[in-house]
Every structure is written in structure tokens, then in C-alpha cells.
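As C-alpha cells, the structure follows; a few thoughts come after it.
What you see is a predicted model; the values in this text were computed from it and never measured.
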Amino acid sequence: MTNQQYSILQQGIPDSQLVLFAASAHYAHLEEPEAYLATLSTFLERIEREQQEQSHSSIQVKLI
């Protein structure tokens, strides 16, 4: 796929983020492990934070 095709695909996925690993072909986790793990860690932290925010807001709603 081209960068433009990746961009179009990303735009169609709500709340997604496009990350390109320039020095990788098919195996970013092997070819750029530090960049891959940093990206994965950032993603997981964001998901965890969003889930915590949702659970806190639902608790507040239940208390009112």
C-alpha cells in the first residue's frame, strides 16, 4: 500500500492513529523493536486511560 492509501484507511477508522515505521518492511516488531514497543505502549496507555475515564464517569452517573 502507498502512504496515501494508508492515510485514507486511517481516516475511515474512528479514533485511529497512523504510525509508519520507515525502516521496516513487514515485521516492525522485529526490524524496529524499540519504536514498535514505544508505539504499542503509548496505545495501550491511551486505551487504559480512556477505560478508566469511562468507568469513573459511569460511577458518577450512578451516584447522582
How about Gln52: does its CD atom have over 12 heavy atoms from other parts shown lying under 6.0 Å from it?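 It does: Gln52 CD has more than 12 such atoms within range.
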For atom OH of Tyr27, decide whether the heavy atoms of other residues, nucleotides or ligands shown that lie under 6.0 angstrom number more than 12. no
Are [X] and [Y] connected in the hydrophobic side-chain network, where two residues link if heavy atoms are under 4.5 Å apart?
{"X": "Leu30", "Y": "Leu20", "value": "no"}
{"X": "Leu37", "Y": "Ile47", "value": "yes"}
{"X": "Leu44", "Y": "Val19", "value": "yes"}

Nearest heavy-atom neighbours spanning Phe21 and Glu32: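 Between these two residues, the closest heavy atoms are CB-OE2, 3.1 Å.
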How far apart are the closest heavy atoms of Tyr36 and Ala28, and which atoms are they?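 Between these two residues, the closest heavy atoms are CB-O, 3.8 Å.
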May I ask you to decide if [Y]'s main-chain N or O and [X]'s side chain share a donor-acceptor pair within less than 3.5 Å?
{"X": "Thr39", "Y": "Ala35", "answer": "yes"}
{"X": "Glu31", "Y": "Ala23", "answer": "no"}
{"X": "Thr42", "Y": "Ala38", "answer": "yes"}

For Arg49 and Glu45: C-alpha separation, side-chain torsions, deciding distance, then whether salt bridge (charged side-chain N to carboxylate O under 4.0 Å, His left out) applies. CA-CA 6 Å; Arg49 185 176 54 250; Glu45 288 169 2; 5.7 Å; no
To the closest 0.5 Å, what do you measure between CD (Gln10) and CD (Gln5)? 14.5 Å
At what distance, to the nearest 0.5 angstrom, does CG of Leu18 lie from CG of Leu9?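 Leu18 CG to Leu9 CG: 8.5 Å, rounded to 0.5 Å.
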